[in-house]
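Just so you know, residue 1 is the first one in the sequence shown, and it goes up from there. Values reported hereafter were calculated over all heavy atoms of this structure, with side chains retained and with hydrogens, waters and symmetry mates removed.
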Amino acid sequence: MNRNEALQLVKAQLTEKRYVHTLGVAESAVELAERYGADVKKAELAAIFHDYAKFRPKEEMKQIIMEQNITKDLLDYHSELWHAPVGAYLVEQEAGITDQEILDAIAYHTSGRIGMTLLDKIVYLADYIEPGRSFPGVEEVRKLAEQNLDAAVTQAVRNTINFLMMKKQVIYPATFHTYNDLIKNLKEKM
């Protein structure tokens, strides 16, 4: 599937504001893929489709999670997390993308996971630092992303956890596990 076909499919699923965000994520993913030696086409495609299910009805997402045996504990946490794994499923079903690396990058772009692949990290980080984002800590992560992908992803996850804690929100355990895994890997590289 080429870029224009993917964008056409995605645009029909998103608000104009979210579509502009998606274009920024795709641009950031391409830059990161080029910088860190990932497959640029896969990074761009995963980024384009990362929010494919963002505006699906909660009941539809809940039903897909239950029927497709997607980690059911997601239902105990904020529905904002649901669109990532549901999106991966729908991208496979509706867009015909079967590349597991792309589907995983979509599925884990909100929570991360233990053993994140290069593509997982790129899509996660691109979503966090795309040019339209403006919030405390994003500039620091953008600067880190120019030097060290792992350090940037780790800081983005740390910022997310801190933000959720400040808001007194529950935090999906996979996000903590992601952070711990990233920290261990960073320490091993030192």
Side-chain angles (χ1 to χ4, degrees), residues 14-40 42-52 54 74 77-85 87-88 101-102 104-190:
L14 303 177
T15 63
E16 184 60 29
K17 182 178 179 184
R18 185 53 54 165
Y19 181 70
V20 170
H21 160 74
T22 295
L23 293 174
V25 176
E27 173 189 321
S28 296
V30 166
E31 289 172 12
L32 290 168
E34 288 172 346
R35 180 176 291 129
Y36 293 106
D39 184 311
V40 174
K42 285 185 182 189
E44 183 175 48
L45 213 48
I48 288 171
F49 280 106
H50 84 284
D51 276 348
Y52 185 75
K54 183 87 170 172
L74 268 174
Y77 295 89
H78 200 285
S79 59
E80 181 65 27
L81 294 168
W82 300 357
H83 77 279
E101 197 176 4
I102 292 171
D104 285 346
I106 295 167
Y108 298 107
H109 85 268
T110 56
S111 64
R113 64 173 171 162
I114 292 173
M116 287 178 84
T117 66
L118 178 60
L119 189 61
D120 291 345
K121 292 173 186 177
I122 284 170
V123 174
Y124 184 96
L125 191 59
D127 186 31
Y128 192 90
I129 66 169
E130 66 93 356
R133 296 281 201 194
S134 178
F135 51 83
V138 72
E139 284 303 324
E140 176 190 7
V141 176
R142 284 185 181 124
K143 285 184 177 76
L144 280 171
E146 293 174 9
Q147 308 298 320
N148 185 317
L149 180 69
D150 290 336
V153 173
T154 303
Q155 187 61 48
V157 174
R158 180 183 298 122
N159 289 354
T160 299
I161 290 170
N162 286 337
F163 173 79
L164 293 170
M165 289 174 71
M166 294 294 288
K167 293 281 205 179
K168 295 182 172 53
Q169 302 243 348
V170 294
I171 301 169
Y172 188 51
T175 304
F176 282 120
H177 297 310
T178 300
Y179 177 75
N180 289 338
D181 189 53
L182 291 165
I183 286 292
K184 280 189 234 174
N185 290 333
L186 274 177
K187 287 183 178 180
E188 288 173 6
K189 291 178 182 176
M190 292 179 159

Minimum heavy-atom distance [X]-[Y], with the two atoms named:
{"X": "Asp181", "Y": "Gly115", "answer": "OD2-N, 2.7 Å"}
{"X": "Ala145", "Y": "Arg35", "answer": "O-NH1, 3.5 Å"}
{"X": "Ala33", "Y": "Ala43", "answer": "CB-CB, 3.7 Å"}
{"X": "Ser28", "Y": "Pro131", "answer": "OG-CD, 3.5 Å"}

Would you say that [X] contacts [Y] through its side chain, given a criterion of any heavy-atom pair below 4.5 Å between the two side chains?
{"X": "Asp51", "Y": "Val25", "result": "no"}
{"X": "Thr178", "Y": "Val153", "result": "no"}
{"X": "Glu27", "Y": "Leu23", "result": "no"}
{"X": "Ile106", "Y": "Tyr52", "result": "no"}
{"X": "Leu45", "Y": "Lys42", "result": "no"}

Using the rule given for side-chain hydrogen bond (donor to acceptor under 3.5 Å, both in side chains), can you reason through Asp120 versus Thr117, listing the C-alpha separation, both sets of side-chain angles and the distance that settles it, and then say yes or no? CA-CA 5 Å; Asp120 291 345; Thr117 66; 3.3 Å; yes
Could you please spell out the steps behind the side chain to side chain contact (heavy atoms under 4.5 Å, CB included) verdict for His21 and Leu14? CA-CA 10 Å; His21 160 74; Leu14 303 177; over 6 Å; no
Using 0.5 Å steps for rounding, measure from the [atom1] atom of [X] to the [atom2] atom of [Y].
{"X": "Asn185", "Y": "Thr154", "atom1": "CG", "atom2": "OG1", "value": "8.5 Å"}
{"X": "Ser111", "Y": "Met116", "atom1": "OG", "atom2": "CE", "value": "8.0 Å"}
{"X": "Asn148", "Y": "Tyr36", "atom1": "CG", "atom2": "OH", "value": "6.0 Å"}
{"X": "Thr160", "Y": "Gln155", "atom1": "OG1", "atom2": "CD", "value": "9.5 Å"}
{"X": "Asp39", "Y": "Ile122", "atom1": "CG", "atom2": "CD1", "value": "9.5 Å"}
{"X": "Tyr77", "Y": "Ile171", "atom1": "OH", "atom2": "CD1", "value": "10.0 Å"}

May I ask you to decide if Ala47's main-chain N or O and His50's side chain share a donor-acceptor pair within less than 3.5 Å? yes
Using the salt bridge (Lys or Arg N to Asp or Glu O under 4.0 Å) rule, collect all pairs that involve residues 145-169, keeping only residues at least two apart or in two chains. Lys121-Asp150, Asp150-Lys189
Pairs touching residues 126-140 that satisfy salt bridge (Lys or Arg N to Asp or Glu O under 4.0 Å), sequence neighbours left out: Asp127-Arg133, Glu139-Arg142
How would you list, by chain and number, every residue that makes a ring-ring contact (aromatic ring centres under 6.0 Å, His included) with Tyr108, sequence neighbours excluded? none
Verdict with supporting geometry, Tyr124 and Val157, side chain to side chain contact (heavy atoms under 4.5 Å, CB included): CA-CA 9 Å; Tyr124 184 96; Val157 174; 3.4 Å; yes
